[in-house]
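One structure below.
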Amino acid sequence: SANRNFLTRAFKISIDDQLDFSGVQIIGWDPAAKAIRSWTFDSNGCFAEGSWKLQGDRWFISNHGVLPDGRTASMINVLRQVDDHSLTWQTIERSAGDELLPNIDEIRIVRQ
């Protein structure tokens, strides 16, 4: 961000050159909690707050948010740096309202 207190990022997911999903995320240090936190907003109308924790070589991001229909949602994103240009991303322990959802398999993200 302009004051260098937060990281901001925009993301998009395209399949066959068609934009299917996009959003923004703000990541910053919470001095009261002494932890990294994030806020994510997406093009479907979902928003979530995340708490980051480093365990070994992986970041675990516990997210809690609200879906466009008003149900609460939660998930844990697991990030692991592979090298200077790539990381892996997996989503586990997902729920929407009272419904448990399957994990999302690990994918590799490469910087372009």
(message) Tell me the closest heavy-atom pair linking Ile27 and Ser38, and the distance in Å.
(response) CG1-CB, 4.0 Å
(request) Apply the side chain to side chain contact (heavy atoms under 4.5 Å, CB included) test between Thr88 and each candidate in Val78, Ile107, Val82, Ile109; give the one that qualifies. (result) Val82
(message) For the CD atom of Glu93 and the OG atom of Ser62, what is their distance to the nearest 0.5 Å?
(response) 8.0 Å
(request) Walk me through it: do Trp29 and Lys34 pass the test side-chain contact (heavy atoms from CB on, under 4.5 Å)? (result) CA-CA 7 Å; Trp29 177 253; Lys34 297 192 181 346; 4.0 Å; yes
(message) What's the separation between atom CD in Gln81 and atom OG in Ser86, rounded to the nearest 0.5 Å?
(response) 8.0 Å
(request) Mind checking the CD1-CG spacing from Ile61 to Asn77? Nearest 0.5 Å is all I need. (result) 5.0 Å
(request) Could you tell me whether the side chain of Trp39 reaches within less than 4.5 Å of the side chain of Phe6, counting heavy atoms only? (result) yes
(request) Indicate the atoms forming the closest heavy-atom contact of Ser95 with Leu101, along with that distance. (result) C-CD1, 4.2 Å
(request) Working to the nearest 0.5 Å, report the span between NE2 of His85 and CD of Gln112. (result) 12.5 Å
(request) Can you see which heavy atom on Trp59 is nearest to which on Ile36, and at what distance? (result) CH2-CD1, 3.7 Å
(request) Any chance you could measure Gln55, atom CD, to Arg80, atom CZ, to the nearest 0.5 Å? (result) 15.0 Å
(message) Checking Thr40 against Phe47 for the side-chain contact (heavy atoms from CB on, under 4.5 Å) test, could you report, in this order, the C-alpha distance in whole Å, the side-chain angles of both residues, the deciding distance, and whether it holds?
(response) CA-CA 5 Å; Thr40 306; Phe47 60 90; over 6 Å; no
(message) Just verifying a value: how many Å separate Asp84 CG and Leu87 CG, rounded to the nearest 0.5 Å?
(response) 11.5 Å
(message) Looking at every non-hydrogen atom in both residues, tell me the closest pair between Ile92 and Asn103 and how far apart they are.
(response) CA-OD1, 3.1 Å
(message) Between Arg108 and Asp83 (salt bridge meaning N to carboxylate O under 4.0 Å), is one present in this structure?
(response) yes
(message) With a 3.5 Å distance limit and no angle check, can you tell me whether Asp42 reaches the backbone of Cys46 through a side-chain donor-acceptor pair?
(response) yes
(message) Restricting to non-hydrogen atoms, name the atom on Trp89 and the atom on Leu79 that form the minimum distance, rounded to 0.1 Å.
(response) CE3-CD2, 2.6 Å
(message) Give me the atom names and distance for the closest heavy-atom approach of Phe60 to Ile76.
(response) CD2-CG2, 4.0 Å
